[in-house]
There are 4 protein chains.
Amino acid sequence: MFINLDFESKEPIYTQLMHQIIEGIARQELKPGEALPSVRSLAADIGINLHTVNKAYQQLKQEGFILIHRQKGVVVNPDGIPQADEAYMELLKSKLRPLVAESICRGVNADEFIEVTTNLYRDLNKKEEI
Amino acid sequence: MFINLDFESKEPIYTQLMHQIIEGIARQELKPGEALPSVRSLAADIGINLHTVNKAYQQLKQEGFILIHRQKGVVVNPDGIPQADEAYMELLKSKLRPLVAESICRGVNADEFIEVTTNLYRDLNKKEEI
Amino acid sequence: MFINLDFESKEPIYTQLMHQIIEGIARQELKPGEALPSVRSLAADIGINLHTVNKAYQQLKQEGFILIHRQKGVVVNPDGIPQADEAYMELLKSKLRPLVAESICRGVNADEFIEVTTNLYRDLNKKEEI
Amino acid sequence: MFINLDFESKEPIYTQLMHQIIEGIARQELKPGEALPSVRSLAADIGINLHTVNKAYQQLKQEGFILIHRQKGVVVNPDGIPQADEAYMELLKSKLRPLVAESICRGVNADEFIEVTTNLYRDLNKKEEI
DNA sequence: GTGGTCTAGACCACC
DNA sequence: GTGGTCTAGACCACA
């Protein structure tokens, strides 16, 4: 599991960290039930504050990606990630909307946009190769 | 041209305003060369701060969507919006990436994701209907 | 609005703060749409750290009691508090269960238990008296 | 006597264990003078740490539910559980208070709240049925 | 002015 | 060892 953070980015570190972990789950590099590093060790690894890691973990817990046990530490939700419901699809749509609008303005047609999406699906949906 | 702002959203007002204007351009409700309201009048219209409108306009200018003339006021870029280059496609990809990753985790397959995209393209690419 | 905290208590300060605010809402001392103090001013008032106040606010926001606007500050949810659903009733039951069990052991019968409850309902459900 | 622990709960294991034992006493599945498993065997049974069971037992002893003899082992208090005094009623009230306050906010009226309580009394006060 | 983010360092409860 | 809580102090984005 590699974590790549951009400390210059406008995107908060804890959000980047969340995305990286979600991506790890999507790629199945992180499997349901699998343990994640403790807040302290991950913070030390990445070279950030443990509170920042904790914030990412708390949010991921909130969204059902992980479970946090007081002693055992942090694990990927063993029951799998909560499946998309209507609320999620709406949220997705609202996040996609400005991307589509700007792309239209810039002359990116639907096929090109879908190609980018498809490539991402192919890259991220691949199972871990050992 | 309707501006819909959600003051309770986590997204900054100026960003929402940018998105709305970009969407207006995508829908061709706002055509190249067409005038936009002045900072002052738009702010009064929506009931927000001058600075907020100004920030949105400055950013839109920065990205080539509009031109700001000291005298003539604000117009949609008459030469059209700068077309997508490689940098834009990379940016798009990086914004799409976490959406795709989370969707995979939540069991949204590529076809469903593309369907949402296609619907948005259909909705936003339509010319203005009066 | 009076906030009474017990710094010696085993109960975390942020939880106590949450309870006090919820109680204020129940008493209708805090009405929907009404503003709450900023994190900084409340923290200064009570003499605790602003992060502790923030944690309480974030949790209350999460549970639908309040809304947090980046600039305008914090307000009691103008649409009212999310009404009890089945999940809440189950949660309530699970919290009540050990209280009932111990009370049974200690010879508190149902009528006495209900009397305590009824008194609390009477005390907390009263509208603010000016 | 069944012990049901939720290792994913926010509530500490030793507290859950205490509650289960108190509930057993309330249900009269555990009668005054009856022996409880030794710390060692109970820990092995449930698959938790010795210290955890010990902590639960010590606390139960502290509150008068059980007696711990060095030789004879652990027994439910043969003289019965100390009956509720004013201090207990105050404690009960303070624990009930936030539950009532939140319930009021969420539109649970006194009758509904009392119904939940009554059901719990009925369920827990029943003698053991074999 | 507001909340959001991040850091650094402390103590505690739990197992 | 784990996460949970609390403090203190800093800078930033937003309006």
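Convention: sequence-line order gives letters A, B, ...; per-chain numbering from 1.
The D:Pro12 side chain lies nearest to E:dC14 when the options are F:dA15, E:dC6, E:dC14. In this structure, of E:dC15, F:dA15, E:dG3, it is E:dC15 that holds the atom nearest to the side chain of D:Thr52. Closest contact between the side chain of C:Lys55 and the listed nucleotides F:dG4, F:dT5, E:dT7 involves F:dT5.
With rounding to the nearest 0.5 angstrom, the CD1 atom of D:Ile13 is 12.0 Å from the CD1 atom of D:Ile3.
Between the C1' atom of F:dT5 and the CD atom of A:Gln58 lies a distance of 12 Å, rounded to the nearest Å. Note: CD1 (A:Ile13) to P (F:dA13) measures 14 Å, nearest angstrom. Atom C1' of nucleotide F:dT2 and atom OH of D:Tyr14 are separated by 16 Å, given to the nearest angstrom. The interatomic distance linking A:Gln59 (CD) with E:dG4 (C1') rounds to 12 Å, in whole Å. In this structure, CE of B:Met18 is placed 13 Å from P of F:dA15, rounded to the nearest angstrom. When the P atom of E:dT2 is taken as reference, atom CG of C:Asn54 falls 13 Å away, rounded to whole Å. Atom CG in C:Leu42 sits about 17 Å away from atom P in E:dG1, given to the nearest Å. To the nearest angstrom, C1' of F:dG4 lies 16 Å from NE2 of A:His69.
Between C:Lys61 and D:Ile48, the residue anchored closer to the 5' end of DNA chain E is C:Lys61, taking for each the nucleotide with the nearest heavy atom. Summary of the strand contacts: A:Lys10 and A:Arg70 both lie near DNA chain F, and taking for each the nucleotide with the nearest heavy atom, the more 5' one is attributed to A:Arg70. Each of A:Leu50 and C:Asn49 lies near DNA chain F, and the nucleotide nearest A:Leu50 is the one positioned closer to the 5' end. Each of D:Glu11 and C:Ile68 was assigned the nucleotide of DNA chain E with the nearest heavy atom; the assignment lying further toward the 5' end belongs to C:Ile68.
Counting atom types as modelled, C:Arg40 pairs a side-chain N or O with a base atom of E:dG3 as donor and acceptor under 3.5 Å. A donor-acceptor contact under 3.5 angstrom links the side-chain atoms of C:His51 to the base of F:dG9.
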Candidate pair B:Ile66 and B:Asn77, rule side-chain contact (heavy atoms from CB on, under 4.5 Å), full reasoning: CA-CA 5 Å; B:Ile66 63 175; B:Asn77 193 331; 6.0 Å; no
Show, in sequence, the C-alpha distance, side-chain angles and deciding distance for A:Asn54 and A:Tyr14, and conclude whether the side-chain contact (heavy atoms from CB on, under 4.5 Å) test is met. CA-CA 8 Å; A:Asn54 192 47; A:Tyr14 82 95; over 6 Å; no
In sequence, state the C-alpha distance, the side-chain angles, and the governing distance for C:Ile21 and C:Phe65, and then conclude on side-chain contact (heavy atoms from CB on, under 4.5 Å). CA-CA 9 Å; C:Ile21 291 171; C:Phe65 288 94; over 6 Å; no
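Side-chain atoms of D:Gln58 and D:Ile68, non-hydrogen and from C-beta on, do get closer than 4.5 Å to each other.
Of all heavy-atom pairs between B:Tyr57 and B:Pro37, the closest is OH-O, 2.8 Å. Smallest separation of non-hydrogen atoms from B:Ala101 and A:Ala26: O-CB, 3.6 Å.
Side chain to side chain, C:His19 and D:Glu102 fail the donor-acceptor criterion of an N or O pair below 3.5 Å.
Residue C:Tyr57 is classed as having no contact, given no heavy-atom separation below 4.0 Å to the nucleic acid.
Over its full length, the helix from E:dG1-F:dC14 to E:dC14-F:dG1 turns its helical axis through 20°, comparing axes from the five pairs at each end and rounding to 10°.
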